[in-house]
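Have a look at the structure below, then the notes.
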Amino acid sequence: MRIFRFVLAGVVIVLAASCARVKVETPEGFAEWRTKRVFGQGMYRAVSPEGMQLKARIVKNYPPQSLDFWKEALFSHLENEGYRPAGSAVVFTASGRQGVLYEWAVPYGEEEYVYLTAIVPSQRKIAVVEAAGAFNIYREHRAAILDSLETVSFR
Amino acid sequence: MKYLLLIVAVLLAAGSMPVCAGDYIFHQVRTTILVADTEYTTDLITEWAEEQGGYCIYRSMDRIVLRVPSQEMSGIRRYLEQISDAVIEVSIQSKDLREQLVTLRSRIKSSEEILARNLEYLDRTDVKGTLAIEKEVRSLLLELENYKGSLRKLEFDRQFAYYELFLSFKEQTLPQDIPSSFEWINRVDFYRFAEQGAQE
């Protein structure tokens, strides 16, 4: 019985660690979309009336690196893939942690979309936020999204 | 005492110096920039120009013409670099307006003198003479108005640069999927993001 308790406690600890959930204040004009949580998939999702989406998730900061390293890695990867930067990097503070966001211009269907990628690293984890929408719609919600990014927090 | 006099002399000399030549330069600038969204960019540029005290003369999807305060020449350049993907071409023409201003001012002065003399004659002449002087006065007044109009235009050009901006939209190819050494970065992908959203 004692062994069973130890095993159970271990499982609970492991699950708790893997279920790191990102918290984000829903941007003004968006609705939070509650998805079924699968272990380790503490994802946040919000949708605007036009269908524009914002998603935030937690990934492992591995190899453990700082914001400077990850911002460089993310930028060079997306740029090499052919994404075109739509402005320069914006450094922001999210619940006391420094983050960075990039906006990319991406052709999608007949329209030009803006794809936002933001990261907020901590020692062990990184919050990754993505949002995308047709240029006009994105422009309308941009300020609310940036405000919301400043509320990203995780343990 | 000697030094004090010297300093006063220098200060007086500086005060009586002619106004800097830069104040009399009219700038005409043509710039081409590369942007993602031309409509949005023209909105931004128009707003910026208005905030600086300038205004927009003409705007279309790919061209915008502005009058911007001359002292904001470097400011607009910096702003365009900030909001565009690239500044492709900049062509600046500068013209010193001092000679034209001096010419116009002296023309106005001499026309006004002639006008005053003609008006003096008017009191001392007969009907035939009056008619001739009246004709002369009318033509002088017209001339004066033209000169004054040109002077106002030059004074305005001195203060506001003419900025013609062409906006070019870069055709973009679809991004390719190139693997990264970092697992999570591989999952940062616009098309994956858009398609996941549609399926959920």
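By convention in this document, chain letters (A, B, ...) are assigned in the order of the sequence lines, proteins followed by strands, and residues within each chain are numbered from 1.
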Exercise for review: Measure B:Phe190 against the heavy atoms of chain A and call it side chain, backbone, both or neither at under 4.5 Å.
Suggested key: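 Its backbone and side chain both get close to chain A.
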Practice item. Show the numbers, then the answer: is there a side chain to side chain contact (heavy atoms under 4.5 Å, CB included) between B:Trp184 and A:Ile119? Key: CA-CA 11 Å; B:Trp184 71 267; A:Ile119 50 166; 3.6 Å; yes
Point to revise | Atom of B:Pro179, atom of A:His77 and distance for their closest heavy-atom approach | key: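 Reported closest heavy-atom pair: C-CE1, 4.1 Å.
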Practice item. State, without any angle test, whether B:Asp189 and A:Tyr115 hold a side-chain donor-acceptor pair at a distance under 3.5 Å. Key: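 There is no such pair between these side chains.
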**Study point:** A:Pro63 portion near chain B, given a 4.5 angstrom heavy-atom threshold
**Key:**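 Contact with chain B involves the side chain of A:Pro63 alone.
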Point to revise | Contacting region of A:Ser88 [heavy-atom separation from chain B under 4.5 Å] | key: neither
Exercise for review: Flag the pair B:Phe182 / A:Leu74 as yes when at least one side-chain heavy-atom distance between them is below 4.5 Å, and no otherwise.
Suggested key: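 With C-beta onward as the side chain, the pair stays apart.
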Check your understanding: Less than 4.5 Å apart, any side-chain heavy atom of A:Val59 and any of B:Arg187?
Key ->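 Result yes, sub-4.5 Å side-chain heavy-atom pair found.
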Exercise for review: Give me the contact list for residues 40-57 of chain B versus chain A, heavy atoms only, anything under 4.5 Å, ordered by residue number.
Suggested key: B:Tyr40, B:Asp43
Practice item. Look up atom CD in A:Glu130 and atom CZ in B:Arg192, then write down how far apart they are to the nearest 0.5 Å. Key: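 Separation between the atoms: 8.5 Å.
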Exercise for review: Output the distance between atom CG (B:Asn186) and atom CD (A:Glu81), rounded to the nearest 0.5 Å.
Suggested key: 7.5 Å
Check your understanding: More than 12 foreign heavy atoms under 6.0 Å from CD of B:Gln71: is that the case here?
Key ->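 Counting other residues, nucleotides and ligands, CD of B:Gln71 exceeds 12 neighbours.
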